[in-house]
Amino acid sequence: MPHEFRLPDIGEGLTEAEIVEWSVAVGDEVEVDQLIVEIETAKTTVEITSTHAGTVLSLGGRPGDTINVGEMLFVVGQKGEKAGGTTLLPPDPAAPSPLQRGDKRGRAMPIVRKLASQKGIDLATVEGTGPGGIITRSDVQNAIAPESTETIVPLSRTRRAIARHMTESWTTIPHVTVQADVRAERLMAALAGSAGQLSLEALTAAAVLPLLVQYPEFNAVIRGDSVAYRSEFNLGFAVDAQDGLLVVVVREADTLSVQEIATEFSRLAESAHTGGLTPAEVTGQTFTISNIGALGGGHGTPIIPMGTSAILSIGKAKAAPVVDQGIIEVGTVAPVDLSYDHRLIDGALGQRFLSSLTSNLEQIDEVLDR
């Protein structure tokens, strides 16, 4: 009996994936747990293995095709078996090719399709002048507006997901951003004194975590006419990865020491740059921290990730004039910005959270000793 493998639910809010590369072909013999295909979601790549041994009877698409959760990805069974009344083996060599059938997508060589994609040309709108109506490179070049000086490049899957996510957040959540300048002498001293064992992200997490208990609205989310208060404290950390912004998630951060948070964040950040993250490592955050100071950033207005109620950014600590007991002196100051969902969090509550956070950051050594 053929075994159909359908695309599983591979992560929170992810409904589709793109086929990157097949490791097998129709007719190949495979074993249990053998790698079959690599797919790409909006946030990560995933390797799919076979749950059964047998012959590959059918593949659900070509590299570059997008399939939805629940759709057939591949079929494994006995050679010659049928599924749905159709023999799922390679087509007869005498069958007409896509070019002969007039399939618009197939009426061009791969190199021509790649050029069309890079230039933003829909091949369905191009008339082919090659043999049998094949679309040539010249046909694509002729379809490009001669007066255009733009280079049109399709958004990557990751960038498309970021664009949708940011648009949804900005248009559905009433954002309020409050700002503060934190005296960062103790924070920088704790960082320097750790001999590289801690990170600014981990120290900021240590300052934030007790406040998420004290102010549960910041670890909650609006759902329709209700509020969902979370009992887990999963901290998201923004990472500047190769394909765009990713938020990696340290799960149950309240159960970890600051050293363990630093170690886990370092591991996740490395995986973000090498493409080794799993869906569980990029979904499910309940509060997010963005260290824009790592890129030299200062104040900003961070956008709240969907499914949460707030996000905190911390900028680069710099020398700046400060007033201490009426005397102007040179101190170290770090900018912090807190964006929150104004449907759930009023201005007074937002300011109380920020003031408490400022206090924790300025006395981080005492926070770590608690």
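Heavy-atom basis, side chains included; hydrogens, waters and symmetry copies ignored.
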With respect to Thr204, which candidate in Leu235, Ile289, Asn360, Val336 satisfies the side chain to side chain contact (heavy atoms under 4.5 Å, CB included) definition? Ile289
Roughly how far, to the nearest 0.5 Å, is CD of Glu252 from CD of Glu232? 5.0 Å
Test log, rule side-chain contact (heavy atoms from CB on, under 4.5 Å), inputs Leu277 and Leu268: CA-CA 7 Å; Leu277 291 167; Leu268 291 169; 4.0 Å; yes
Distance col, row Gln351:CD vs Leu338:CG, nearest 0.5 angstrom, shows 9.0 Å
Check: Ala262 main-chain N/O paired with Ser266 side-chain donor or acceptor under 3.5 Å: no
Donor-acceptor pair between Gln363 and Ser359 side chains, under 3.5 angstrom: yes
For Val239 and His273 the tightest heavy-atom approach is CG1-CE1, 3.8 Å
Side-chain heavy atoms under 4.5 angstrom apart, residues restricted to Ile, Leu, Val, Met, Phe, Trp, Tyr: same cluster for Leu357 and Ile292? no
Is there a side-chain contact between Leu200 and Met188 (heavy atoms, below 4.5 Å)? yes
Between Trp22 (side chain only) and Gly61 (backbone N and O only), is there a donor and an acceptor less than 3.5 Å apart? yes
Quick check: do Leu187 and Ile314 have side-chain heavy atoms less than 4.5 Å from each other? yes
Using the rule that two of Ile, Leu, Val, Met, Phe, Trp, Tyr join whenever any of their side-chain heavy atoms come within less than 4.5 Å, decide whether Tyr340 and Val221 are in one cluster. no
So do Val323 and Ile328 actually touch side chain to side chain, heavy atoms under 4.5 Å? yes
Using only atom types and a distance under 3.5 Å, with no angle test, would you say the side chain of His175 pairs donor to acceptor with the backbone of Ser339? no
Taking Gly27's backbone N and O only, do any of them form a donor-acceptor pair with Thr55's side chain (distance below 3.5 Å, no angle check)? no
When you look at Leu203 and Leu368, which way does the side-chain contact (heavy atoms from CB on, under 4.5 Å) test go after all the steps? CA-CA 9 Å; Leu203 290 173; Leu368 296 178; 3.9 Å; yes
CA sep, side-chain torsions, deciding dist, call: Ile19, Val37, side-chain contact (heavy atoms from CB on, under 4.5 Å): CA-CA 7 Å; Ile19 296 171; Val37 64; 4.0 Å; yes
Close side-chain approach of Ser50 to His3, heavy-atom, < 4.5 Å: no
Report yes or no: does Gln197 contribute a side-chain atom to a donor-acceptor pair with the main-chain N or O of Ser194 at less than 3.5 Å? no
Hey, does the side chain of Glu21 reach the backbone of Glu38 with a donor-acceptor pair shorter than 3.5 angstrom? no
Under 3.5 Å, is there a donor-acceptor pair between the side chain of Glu40 and the main chain of Glu18? no
Does the plane of the ring in Phe218 sit parallel, tilted or perpendicular to the ring in Phe353? Use 30° and 60° as the thresholds. parallel
Other residues, nucleotides, ligands: >12 heavy atoms within 6.0 Å of Glu329 CD: yes
For Thr125 and Asp122 the tightest heavy-atom approach is OG1-O, 2.6 Å
Output, in order, the C-alpha distance, side-chain angles, deciding distance and verdict of side-chain hydrogen bond (donor to acceptor under 3.5 Å, both in side chains) for Asp139 and Thr129. CA-CA 7 Å; Asp139 295 330; Thr129 61; 2.8 Å; yes
Heavy-atom pair with the smallest gap, counting every atom of Pro2 and Val75: CB-CG1, 3.8 Å
How many angstroms lie between CD in Glu281 and CD in Glu264, if you round to the nearest 0.5 Å? 7.0 Å
Does the side-chain contact (heavy atoms from CB on, under 4.5 Å) test come out yes or no for Val208 and Leu211, once each step is laid out? CA-CA 5 Å; Val208 164; Leu211 302 183; 5.5 Å; no
If you round to the nearest 0.5 Å, how far is OG1 of Thr51 from CD of Gln34? 12.5 Å
Separation between CG (Asn219) and OG (Ser309), nearest 0.5 Å, reads 7.5 Å
Of the non-hydrogen atoms in Val26 and Ser58, which two are nearest, and what is the gap between them? CG2-CA, 4.2 Å
Close side-chain approach of His165 and Pro305, heavy atoms under 4.5 Å: yes
Do Ile364 and Val213 share a hydrophobic cluster (ILVMFWY, side-chain heavy atoms under 4.5 Å, transitive)? yes
Is there side-chain contact between Phe5 and Val76, with heavy atoms separated by less than 4.5 Å? no
Linking I/L/V/M/F/W/Y whenever their side-chain heavy atoms sit closer than 4.5 Å, directly or via other members, would Ile311 and Ile303 fall into one cluster? no
Which atoms form the tightest heavy-atom contact between Gly315 and Ala334, and what is the distance? O-CB, 4.1 Å
Met306 versus Ser169, closest heavy-atom pair with distance: SD-CA, 3.4 Å
Is a donor on one side and an acceptor on the other found under 3.5 Å between the side chain of His52 and the backbone of Val30? no
Hey, does the side chain of Asp341 reach the backbone of Arg343 with a donor-acceptor pair shorter than 3.5 angstrom? yes
Could you tell me whether the side chain of Phe237 reaches within less than 4.5 Å of the side chain of Thr288, counting heavy atoms only? no
Rounded distance [0.5 Å steps], CG in Asp65 versus CD in Glu16: 12.0 Å
Donor-acceptor pair, distance only, cut-off 3.5 Å: does the side chain of Arg352 make one with the backbone of Tyr215? no
Co-membership, hydrophobic cluster, residues Val258 and Val182, 4.5 Å side-chain: yes
Kindly indicate whether the side chain of Asp337, heavy atoms from C-beta on, has any atom under 4.5 Å from the side chain of Thr301. no
